[in-house]
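For the numbers below, each heavy atom of this structure counts, side chains included, while hydrogens, waters and symmetry mates do not. No experiment lies behind these values; they were computed from the predicted model shown. Labels below follow one simple rule: chain letters A, B, ... track the order of the sequence lines, proteins then strands, and each chain is numbered from 1.
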Number of protein chains: 2
Amino acid sequence: MTSNPIRPRATIREVAAAAGVSMGTVSRVAGGSTRISEVTRARVLAAMKDLSYQPNAAARAMRTNISKTVGMLVPDLGCPVFVRMIAGVKEVLAQNGYMLFTFSSESEVSQEITFLQAARQRQLDGLIVSVVDETSAETARELQMMGVPIVVVDREIKLDADRVFVEHTQAMEALMAQLIAMGHERIGFVTAALNRPGRLRVAAYRNALQRAGITVDPDLMRTDGAGRGAAYGTSETYDLLTNGAAPTALIAAGSDFFFGALKAVRALDLSIPDQLSFVGADDTELAEIAGPPITAIERDMREVGRMAAKLLLDRFAGNALPPRTIIQSSQLVLRKSIGKVQPTRRAPAIKKHVEQTTPAE
Amino acid sequence: MTSNPIRPRATIREVAAAAGVSMGTVSRVAGGSTRISEVTRARVLAAMKDLSYQPNAAARAMRTNISKTVGMLVPDLGCPVFVRMIAGVKEVLAQNGYMLFTFSSESEVSQEITFLQAARQRQLDGLIVSVVDETSAETARELQMMGVPIVVVDREIKLDADRVFVEHTQAMEALMAQLIAMGHERIGFVTAALNRPGRLRVAAYRNALQRAGITVDPDLMRTDGAGRGAAYGTSETYDLLTNGAAPTALIAAGSDFFFGALKAVRALDLSIPDQLSFVGADDTELAEIAGPPITAIERDMREVGRMAAKLLLDRFAGNALPPRTIIQSSQLVLRKSIGKVQPTRRAPAIKKHVEQTTPAE
DNA sequence: CTGTTAGCGCGTTCAG
DNA sequence: CTGAACGCGCTAACAG
């Protein structure tokens with residue numbers, strides 16, 4: 001420990017002594033209770049400031065079983081979608097005097113379990129979770145034992161909890177309609193279908209093709225990216241574009257696949273949209289700034305965060321109604337990266353090889 | 001609260017009863033003490049599992065004054081630099097049984113103060129901080145009262161604490177040398193000079209120009225971006241490139257200015273590097289993927305995070321030596337976005353106006 | 001309005 | 001090796 005001239009933190013007892021009142025009185029002032037005479041309150045506040053008193057959260061939590069802290073579990077802090085959601089959650093919680101304890105599981109179930117156990121030890125008052133793998137029984141079991149209100153974000157888990165879902169189907173259908181109208185029939189799709197967002201998008205992809213009378217080519221679907229990050233986007237995109245009949249359009253859904261796929265397209269030196277129509281998802285900044293700007297599916301995750309936090313606060317306030325589900329829309333944002341299929345379109349020649357790409361870190 | 005059939009959390013007392021031993025025995029098993037007979041240990045562990053017992057962190061913290069939790073303060077979770085640092089910190093702390101409590105101040109001193117007070121209440125065992133404004137007396141005062149080991153990352157604050165610094169000067173000088181060698185004399189610079197990284201970069205920028213016998217044009221320096229985010233990058237870049245004699249090269253240091261500046265360049269439809277040499281910093285992904293790939297100053301922030309965490313753990317272990325400072329290098333990564341000044345170079349014509357841009361959120 | 005007191009759950013004595 | 005008892009700092013309940 002660095003040498004520190006500070007004496008140990010002041011306790012409520014010391015404040016009481018300094019102010020010449022009892023501990024109970026100090027406690028009431030700290031708790032913002034009414035029924036305190038203005039003069040004593042002022043004296044107590046002065047003493048607190050004097051000793052730079054901060055109430056001991058552990059003692060308070062032990063006594064009240066309330067920690068004024070909410071836990072938030074996300075799979076990846078590198079994903080802008082979650083960063084924005086965190087901002088929304090924090091905004092609402094801060095207004096209500098709660099702290100947010102954010103944890104990134106780095107897409108590992110084991111880390112997720114560790115966090116949930118730590119959360120239980122620390123008696124977090126509630127949880128907002130976006131789990132890595134909604135099919136994980138281990139995670140589900142842990143969640144069931146939490147014993148505090150939980151809000152699940154865009155995952156389908158059997159659990160007595162409120163939910164905030166995003167509407168993925170409509171935006172995906174709009175996208176497919178757009179691409180099909182432009183003449184695309186071979187549409188590559190790189191994503192992770194493990195959880196709700198991916199599952200719905202894959203379903204919408206298939207439905208749209210079938211409705212248009214286009215045979216679904218399984219080889220164009222690379223939907224096994226769960227936990228594999230940007231590298232999956234790069235390798236699958238490279239493979240799609242260089243082996244056999246290449247797609248004329250490519251959808252990379254999920255910010256890391258978006259990035260990874262774009263990397264492969266750059267390495268192959270394909271021109272967007274002339275040689276390939278390209279669509280991303282979940283990374284507005286990248287979509288705006290890549291040259292050319294890229295059509296993408298986007299959603300207001302900050303608002304999702306706000307809604308999740310509000311659902312939780314509502315439970316804290318004693319609401320005991322059955323679980324609710326809120327649905328937030330998503331949008332297809334058209335930019336310059338998609339275009340009509342060229343009549344004479346052929347598979348792009350292989351220009352050069354992609355260096356073996358590993359995830360960003 | 002959602003109806004929950006779970007009975008309240010098991011206490012150490014219940015575990016003791018279930019295992020037919022005393023509380024003290026359970027505590028010793030939980031604490032991993034030796035000197036426990038194998039049979040009783042097994043019985044206790046079985047009971048703990050049975051009741052899915054998790055020790056009450058509040059009670060433990062109250063008793064021991066150790067929370068096994070480290071706090072981390074960053075200005076912005078949207079900045080990849082901090083996200084990577086967090087990953088590094090978490091990696092090392094997790095290996096040592098510590099949890100990480102990350103807080104983003106959203107570049108607001110007031111939020112920073114709130115966090116530091118909350119940290120004191122929760123008796124976090126140590127802190128890793130990257131403050132918004134190293135000149136804030138309020139923040140400094142709060143930090144001095146923490147009473148726990150602190151590691152400061154790339155900020156100059158008068159404080160009895162360990163430090164991890166990044167070497168900014170060399171990379172910046174290398175960059176300037178490169179640009180000057182390419183014939184650039186009018187080099188625009190958009191950044192925030194409030195804290196250590198910006199200050200050092202600005203100093204290196206001036207020095208390099210002076211050493212090359214080039215007059216420093218203050219109008220080319222837009223170094224007042226602190227707290228203004230990407231919008232500052234966009235508006236200043238637009239202004240630089242459209243008013244008066246435009247620079248032939250532009251450096252946007254800081255991930256948000258990088259993004260914002262690139263946005264303005266795109267809006268003006270300038271071709272990189274033909275019409276403008278462009279250099280970024282701190283956002284490797286964007287630099288790699290923008291068309292064309294962009295020369296940038298980069299640093300291994302994950303390693304910075306690891307080092308910060310190790311310094312802290314060292315203090316926890318009782319190291320009482322005077323404060324140490326560790327320095328991490330940074331690199332200039334050359335990509336295709338810079339080139340020689342065209343002999344016939346003129347200020348680019350104004351092509352169109354930039355829409356009024358607000359920060360990403 | 002204010003003072004007093006009894007635990008919250010745990011880790012750490014100190015006796016056995 | 002095990003059990004019993006104390007108190008960490010605080011809040012709530014009750015007395016005055």
Measure the CD-CE distance between Gln54(A) and Met145(B) for me, rounded to the nearest 0.5 Å.
7.0 Å

Looking at the side chain of Ala59(B), which of dT2(C), dG9(C), dC10(D) is the nearest nucleotide?
dG9(C)

Using atom CD of Gln54(A) as one end and atom C1' of dC10(D) as the other, report the distance to the nearest whole Å.
15 Å

Rounding to a whole Å, what distance do you find between Arg41(A):CZ and dT2(C):C1'?
13 Å

Does a side-chain N or O of Thr11(B) approach OP1 or OP2 of dC8(C) to a distance below 4.0 Å, or not?
no

Is a donor-acceptor contact shorter than 3.5 angstrom present between the side chain of Arg28(A) and the base of dG3(C)?
yes

Send over the distance from Arg43(B) CZ to dT2(D) C1', rounded to a whole Å.
12 Å

I want to confirm an ordering. Mapping Met62(B) and Gly20(B) to their closest nucleotides on DNA chain D, which one lands closer to the 5' end?
Gly20(B)

Are any of Arg60(A)'s side-chain N or O atoms less than 4.0 Å away from OP1 or OP2 of dT11(D)?
yes

If you check every side-chain atom of Ser27(A), which of dT11(D), dG3(D), dC10(D) has the closest atom?
dT11(D)

Give me the ring orientation class for Phe115(A) and Phe101(A): parallel if the planes are under 30° apart, tilted from 30 to 60°, perpendicular past 60°.
perpendicular

Atom-to-atom span, CE of Met23(A) to C1' of dA13(D) - whole angstrom
14 Å

Whether Phe316(B) and Tyr98(B) hold their rings parallel, tilted or perpendicular, with breakpoints at 30° and 60°
parallel

Any N/O donor-acceptor pair, Arg9(A) side-chain to dG9(D) base, under 3.5 Å:
no

Please determine whether a side-chain nitrogen or oxygen atom of Thr40(B) lies at a distance below 4.0 Å from atom OP1 or OP2 of dT2(D).
yes

Nearest-Å distance for atom pair CG/P, residues Leu51(A) and dG9(D):
14 Å

Integer-rounded Å distance: dT13(C) P and Arg63(B) CZ
8 Å

Within the structure, does a side-chain N or O atom of Ser37(A) lie under 4.0 Å from either OP1 or OP2 of dC1(C)?
no

Gap between atoms CD and C1', on Gln123(A) and dC10(D) respectively (whole Å)
14 Å

Using OP1 and OP2 only, check whether a side-chain N or O of Tyr53(B) sits under 4.0 Å from dG9(C).
no

One should read off an interatomic distance between Leu159(B) CG and Thr139(B) OG1, to the nearest 0.5 angstrom, of 11.0 Å

Starting from C1' on dC8(C), measure out to CD1 on Ile66(A) and report it in whole angstrom.
13 Å

Would you name the heavy atoms of Ala10(B) and Tyr53(B) that are closest together and state the gap between them?
O-CD1, 3.4 Å

